[in-house]
Amino acid sequence: MTKRIKLRTLLIGGCVTLFFAVLIGRVFWLQIVQEDFWQAHAEELWSTKKDLPAARGTITDRKGDVLAMDAPAYTVAINPEIIHASGLENEVTEGLSRILGKDEQEMRDLVNAKTKDGKYSTHREVRNEGLKIDQELSDQVEAFRNKLLQEHEKLKDTGIYLMKEQKRYYPQKSLAAHILGYTDRDGNAVSGLEASYDEELKGQDGYLEYKRDGRGIEIPKASEIYQPAKNGQNLQLTIDDTIQHYIEQAMKEAYNELQPISMSVIAVDPKTMEILGMANMPTYNPNEYWADVDQKNFYNHAIKSVYEPGSTFKIVTLAGAVQEGLFNPNATYMSGSIRVPGRTIHDLKRSGWGPITYLEGVKRSSNVGFVKLGYEMLGPERLKSYVDNFGFGQKTGIELPGEAKGIVDPVQQADFAAMSYGHGKLLVTPLQQVVAVSAVANGGKLMEPHIVKSITDPQTGKTEKTEPKVIRQVITPETAKEVGGYLEQVVSDQKIGTGRHAYIEGYRIAGKTGTAVKVVNGEYNYSKQVVSFIGYAPVDDPKVAIIVVIDEPKDPELGGGTAAGPVFKKIMNQILQYMGVPKTSDANADKTKQAESGPKVPDLKGMDVQKAKDTLVASGISYATLGSGTGIISQYPKAGSFLKTGQFVYLLTEEGANMKIPNLKGESLRDALELLSVLQVPVTAKGEGYVASQKVIEENGARRVELTLEPPVTEEAAKGEASAGSEAADGEASGESAAGADKSGDDGQSGGGSPSG
């Protein structure tokens with residue numbers, strides 16, 4: 001008995017000892033061996049991590065006007081469980097469908113959504129129509145929710161929620177859409193600068209970790225880990241939103257009239273190769289990118305599309321011939337046709353114009369003349385060398401994604417001959433064209449184009465600026481000046497110049513037309529063509545170079561001069577006046593035109609004000625004095641110019657930069673632009689008609705004027721207002737209000753060659 005008790009005691013004691021041994025071993029394993037694992041698990045239970053999203057960087061134009069920014073947005077969500085418990089399923093379905101524009105059956109499916117266990121869901125987002133909606137639409141949802149609460153007094157929750165978020169917002173809508181690109185609804189960059197600078201723009205999200213108790217309440221004295229968000233860097237672009245607006249407005253008008261497949265326009269500063277504006281048609285609104293399902297609307301033809309350039313490319317051939325001392329403007333050749341190995345090349349006028357000079361050949365865009373210059377005189381090897389040196393067949397290096405490099409691949413002798421007038425195995429982009437022509441405008445320097453002016457880190461304030469970059473000197477400054485003089489005659493010669501439709505009185509324009517027949521199934525199809533115009537101004541001090549490319553205008557008879565030339569003219573005229581570039585008398589105007597003009601302007605500079613007035617009155621010339629000085633500092637138009645009927649002479653008695661902006665109310669836009677160009681003040685205008693109000697804006701120590709235009713109410717009111725501006729021009733004016741200085745000079749035959757002209 002005693003022995004049995006001892007055995008039981010020993011057994012029980014052994015079991016207890018074994019139990020405690022196992023328990024101690026387990027505790028040792030958990031506390032010592034797996035300490036790190038269980039410590040981390042515990043921290044997960046009582047720690048909370050809150051993400052701190054970074055703000056995406058802002059994109060502005062060169063003046064600081066916002067083009068892309070982050071803005072508040074709201075996502076609509078519903079709770080089907082509460083909606084059904086409240087009996088609101090029909091009202092919510094119909095109301096949100098109407099406000100958000102969502103299909104009613106799809107909305108009803110969301111309201112009736114259930115979980116796997118058959119219960120109504122407690123959370124569903126209304127995608128895509130309710131995802132990241134703007135303030136205006138969220139206000140409508142909020143009003144609808146409040147209406148439900150009022151109609152159902154016992155309700156405390158309608159099951160409709162607005163979750164505040166951020167979204168990318170483009171305040172100027174479709175303006176510069178192909179430059180900016182867009183981000184999708186989830187914030188992912190898709191195209192344009194948004195994509196190519198995504199790493200810089202998106203920044204780095206931060207976070208906050210803190211301890212909480214069992215009820216989820218933050219423990220005040222617990223340790224915290226805080227990693228602040230690093231907001232994205234800000235991009236300042238080289239484009240000017242006013243110039244971009246001018247470009248897109250002119251394109252829209254031409255696109256509606258000509259109904260082409262597409263259009264592209266690029267404006268640059270040829271001295272720095274900063275892109276001042278770039279646009280394509282058709283286009284889209286990046287705020288509603290899903291609304292345009294046709295992918296062609298998103299294509300940036302300006303840098304991605306390649307085409308045979310046609311006669312605009314003759315500028316390269318001309319530059320090479322002048323540089324090599326081979327171009328004699330007065331030498332003659334027989335126009336019409338020329339035989340090269342493998343083919344016969346014709347002029348636009350297949351019978352030709354008989355024996356003509358090479359300068360006339362440039363004005364008429366004679367294919368034969370350029371084959372002789374490029375293929376016969378320069379020769380294939382030197383011609384190819386100039387084509388390469390001008391940057392064709394290579395990417396320009398612009399910051400936008402997807403740039404094409406084009407093709408320069410002549411093999412046969414006929415390919416080299418065709419290349420001399422912009423055809424054959426030669427494909428270029430609009431951007432390559434404007435970069436090459438800018439090299440002629442700026443004195444022979446091929447430069448890398450840029451569209452990003454600077455990048456600023458908002459955390460440090462550090463700004464990285466993009467400096468102008470010269471790639472190589474392709475021709476001498478002397479050659480560039482000579483070529484510019486020939487190209488100016490292409491525009492100024494109102495009888496035979498193919499570029500005469502781009503002529504702007506008062507501005508010296510250098511330019512060249514292009515009419516390139518498209519290849520279809522291996523053959524040139526003369527009913528399908530790409531027409532273009534390229535040029536720069538003013539010739540003696542270029543401020544802007546522009547290319548206009550129109551793919552297949554509806555009328556195949558329209559060439560580069562008649563289709564693209566007027567678009568170029570409108571844009572160039574607006575930009576030069578916006579920049580405050582003063583007009584000058586046209587040195588190339590013929591004597592007949594001068595004789596038909598008004599009186600010749602006398603030299604008034606240095607005279608006292610009264611003597612200048614007496615001189616003008618004696619000549620029957622209307623005038624307006626600007627400033628409060630006693631002597632004439634400068635005048636516009638300059639001495640020797642011929643006035644048009646009703647045109648004023650402006651007498652400046654102070655320096656334009658210091659002069660008070662006169663009251664322009666009642667003036668036409670043309671007259672207002674002319675007057676402000678005298679003062680060298682940039683201008684932006686809104687509306688149509690006559691100046692109704694003006695606003696002077698000071699920016700970085702410089703002035704610019706915003707004009708608001710309104711159509712006249714009555715003929716009598718218009719006449720009354722038209723005199724108001726001149727009366728307020730700080731002084732005296734005699735005669736009628738000044739007439740504008742812009743006459744189109746668009747009469748004459750269409751320019752362009754076939755397949756190039």
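Between H178 and F298, the gap from one ring centroid to the other reaches at least 6.0 Å.
Salt bridge E488/R508: present, at least one basic N to carboxylate O contact under 4.0 Å. Salt bridge status for D541 with K271: present, with a side-chain N to carboxylate O gap under 4.0 Å. Taking a cutoff of 4.0 Å between a charged side-chain nitrogen and a carboxylate oxygen, K363 and D493 qualify as a salt bridge.
There is a side-chain donor-acceptor pair under 3.5 Å between T479 and Q323. Counting only N and O atoms by type, the side chains of D347 and S366 include a donor and acceptor under 3.5 Å apart. No side-chain N or O of Y307 forms a donor-acceptor pair with one of Q529 less than 3.5 Å apart. Between the side chains of T344 and R339, at least one donor N or O sits under 3.5 Å from an acceptor N or O. Side chains of S365 and K314: a donor on one and an acceptor on the other come within 3.5 Å.
Within a 6.0 Å radius of NZ in K518, other residues, nucleotides and ligands contribute more than 12 heavy atoms. More than 12 heavy atoms of other residues, nucleotides or ligands lie within 6.0 Å of CD in Q413, so this atom counts as buried by the packing criterion. By the neighbour-count criterion of 12 heavy atoms within 6.0 Å, atom NZ of K304 is densely surrounded, having more than that number from other residues, nucleotides or ligands. More than 12 heavy atoms of other residues, nucleotides or ligands sit less than 6.0 Å from atom CD of E200.
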- [ ] Given side chain to side chain donor-acceptor pair (under 3.5 Å), test Q244 with E248 step by step and report yes or no.
- [x] CA-CA 6 Å; Q244 185 75 22; E248 295 191 15; 2.8 Å; yes

Task: Full working for ring-ring contact (aromatic ring centres under 6.0 Å, His included) between F392 and F313 - done: CA-CA 10 Å; F392 295 100; F313 194 80; 4.9 Å; yes

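When atom types are taken as modelled, the side chain of N256 and the backbone of K252 share a donor-acceptor pair closer than 3.5 angstrom.
Note on ring orientation: taking the six-membered ring where Trp is involved, the planes of Y333 and Y358 are tilted (angle from 30° to 60°).
Closest approach of I546 to A267, counting heavy atoms only: CG1-CB, 3.9 Å.
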Side-chain donor-acceptor contacts of residues 431-442 below 3.5 Å, not counting sequence neighbours, with atom names and distances?
| unit_1 | atom_1 | unit_2 | atom_2 | d |
| --- | --- | --- | --- | --- |
| Q432 | OE1 | T429 | N | 3.0 |
| Q432 | NE2 | Q394 | O | 2.7 |
| Q432 | NE2 | K405 | O | 2.9 |
| Q433 | NE2 | T312 | OG1 | 2.5 |
| S438 | OG | V434 | O | 2.7 |
| N442 | OD1 | G444 | N | 3.3 |
| N442 | OD1 | K445 | N | 2.9 |
| N442 | ND2 | P270 | O | 2.9 |
| N442 | ND2 | S438 | O | 3.1 |
| N442 | ND2 | K445 | O | 2.9 |

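Note that CZ of F416 is 12.5 Å distant from CG of L378, once rounded to the nearest 0.5 Å.
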